[in-house]
Amino acid sequence: NIALNKGRVGISRDSIKGDYNYAFIADYFSSESKSSNSKPMEVTVKSLDIDQVDITYDDYRKGYNEYGMDYDHLGFKNVVLHANEFESDGESFAFNLEKLSAREKCGIVLHRLKARCLIGYRGILLSNVRINTSRSSVYAQRFNMRMTGLSDVRSFEDSVTFDAMIDSSEVSMVDVSYFAPALKGMYQKVYLRAGLHQKVKNLKINDIDLRTGERTILRGDLLLPDFN
């Protein structure tokens, strides 16, 4: 079991060479001479509990975004995470996420994320999803973000492919715009049930039942254009 309470975790990359600030620790524990008979150390995690921890990540080789999630400069406040039932096949790992909550410096406030998670070379795959932010409530049978590698999140709109089935949910376009800055300025709340496919820039929405405002109702299939 791993637990961390009321702390701060800061990860950064040097502005010149891109070295991580923890590189000296990895160097200290690395062996100068490697034996061909040695086996890699196996670590088994049963549960992970984090309470009221601040987490930052900064790549000082990169500039800063003016709006939305900046994946090169992240800042999470008051992170709470409770996870268990970890499994791994060496290329990916799965676990039950009982609760994740945090406030990110871009403005989004996550009250609770609960799901069964699989993270690996195929992307981030979530099932039995419940997401509650300060503006939105989302429920989904599955919410998969398929990628060729986790680095694809840095170009979220262009690289991440959705495969999601959303049940009756209330979504604020403000929350969506944090991840897709092209949607900045849209403040509507949308009530929907739908399937999401393809990338944000050409998002395909199947079997949509969408309601917004006082009288707007939309049912059918949609293919959203590249708003840029």
Side-chain angles (χ1 to χ4, degrees), residues 68-71 74 81 83-102 104 106 108 110-133 135-184 186 188-212 218-228:
M69 292 287 287
D70 185 344
Y71 296 101
L74 296 168
L81 186 152
N84 54 39
E85 296 187 19
F86 285 84
E87 301 174 3
S88 177
D89 61 5
E91 294 184 337
S92 60
F93 63 97
F95 57 93
N96 282 339
L97 181 58
E98 297 295 337
K99 180 180 180 180
L100 172 63
S101 64
E104 212 283 325
C106 72
I108 193 168
L110 177 63
H111 289 315
R112 184 172 189 178
L113 167 58
K114 180 179 181 179
R116 177 64 181 175
C117 306
L118 176 65
I119 300 176
Y121 64 94
R122 292 183 295 169
I124 301 174
L125 313 182
L126 308 178
S127 58
N128 300 322
V129 183
R130 173 183 173 183
I131 304 172
N132 298 110
T133 74
R135 299 181 178 92
S136 305
S137 296
V138 178
Y139 306 93
Q141 298 174 30
R142 68 177 186 274
F143 199 98
N144 299 331
M145 292 172 281
R146 299 190 180 277
M147 313 172 199
T148 57
L150 293 179
S151 61
D152 282 354
V153 297
R154 295 182 177 179
S155 53
F156 193 90
E157 296 175 59
D158 299 306
S159 303
V160 177
T161 300
F162 283 101
D163 172 26
M165 182 60 68
I166 298 178
D167 300 319
S168 297
S169 299
E170 176 183 345
V171 180
S172 167
M173 295 306 295
V174 176
D175 284 346
V176 176
S177 72
Y178 290 133
F179 299 93
L183 301 179
K184 180 183 178 183
M186 298 182 69
Q188 297 90 337
K189 277 198 173 182
V190 176
Y191 302 85
L192 83 159
R193 181 177 67 249
L196 304 181
H197 307 280
Q198 303 189 55
K199 297 178 174 64
V200 170
K201 283 194 169 184
N202 298 101
L203 189 64
K204 185 177 181 180
I205 308 176
N206 292 338
D207 300 322
I208 186 172
D209 184 347
L210 181 150
R211 303 161 191 263
T212 185
L218 177 64
R219 295 189 179 98
D221 298 332
L222 293 176
L223 179 60
L224 299 184
D226 182 352
F227 289 103
N228 287 330

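The shown structure was predicted, so the numbers you read here are calculated from the model rather than taken from an experiment. No hydrogens, no waters, no symmetry mates; every other heavy atom, side chains included, goes into these values.
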Please round to the nearest 0.5 Å and tell me the distance separating atom CD1 of Ile166 and atom OH of Tyr139. 13.0 Å
Holding to ring pair (Phe, Tyr, Trp, His ring centres under 6.0 Å), I want the full list of residues that pass it with Tyr178, two or more places apart in sequence or in another chain. Tyr67
Looking at side-chain heavy atoms only, is the closest gap between Asp163 and His197 below 4.5 Å? yes
Check whether any side-chain heavy atom of Leu192 sits under 4.5 Å from a side-chain heavy atom of Asp209, and report yes or no. no
Test item: Phe162 and Met145 side chains (from C-beta on) under 4.5 Å apart, heavy atoms: yes
Residues two or more places apart in sequence or in another chain: which of them pass side chain to side chain donor-acceptor pair (under 3.5 Å) with Ser168? none
Side-chain donor/acceptor pairs under 3.5 Å, residues 122-132, sequence neighbours excluded:
| residue | atom | partner | partner atom | Å |
| --- | --- | --- | --- | --- |
| Arg130 | NE | Asn132 | OD1 | 2.9 |
| Asn132 | ND2 | Ser137 | OG | 3.2 |

Mind checking whether Leu74 and Met69 have side chains closer than 4.5 Å, heavy atoms only? yes
I would like to know whether Lys99 and Lys114 meet side chain to side chain contact (heavy atoms under 4.5 Å, CB included); could you show each step before the answer? CA-CA 5 Å; Lys99 180 180 180 180; Lys114 180 179 181 179; over 6 Å; no
Contact between Asp221 and Ile208 at the side-chain level, heavy atoms closer than 4.5 Å - yes or no? no
With a 3.5 Å distance limit and no angle check, can you tell me whether Ser88 reaches the backbone of Ser92 through a side-chain donor-acceptor pair? yes
Just to verify, what does Glu87 make a salt bridge (charged side-chain N to carboxylate O under 4.0 Å, His left out) with, not counting sequence neighbours? Arg116
Any chance you could measure Arg193, atom CZ, to Arg219, atom CZ, to the nearest 0.5 Å? 8.5 Å
What distance separates Met165 CE from Arg142 CZ, expressed to the nearest 0.5 Å? 5.0 Å
For residues 174-184, the salt bridge (Lys or Arg N to Asp or Glu O under 4.0 Å) pairs (sequence neighbours left out) are Arg135-Asp175
What's the verdict on side chain to side chain contact (heavy atoms under 4.5 Å, CB included) for Leu97 and Leu81, showing C-alpha distance, side-chain angles and the deciding distance? CA-CA 8 Å; Leu97 181 58; Leu81 186 152; 4.1 Å; yes
For the side chain of Glu104 and the backbone of Cys106, is there at least one donor-acceptor N/O pair under 3.5 Å apart? yes
Point-to-point distance, once rounded to the nearest 0.5 Å, from CE of Met173 to OG of Ser136: 9.5 Å
To the nearest 0.5 Å, what is the distance between OG1 (Thr161) and CG (Asn202)? 10.5 Å
Non-neighbouring partners of Phe86 that pass ring pair (Phe, Tyr, Trp, His ring centres under 6.0 Å), sequence neighbours left out: Phe95
Measure from the side-chain N and O atoms of Thr133 to the backbone N and O of Leu110, and report whether any donor-acceptor pair falls under 3.5 Å. no
Please examine the side chains of Arg146 and Lys199, heavy atoms only from C-beta on, and report whether any two atoms are closer than 4.5 Å. no
With rounding to the nearest 0.5 angstrom, report the CG to CG distance, Leu113 to Leu100. 5.5 Å
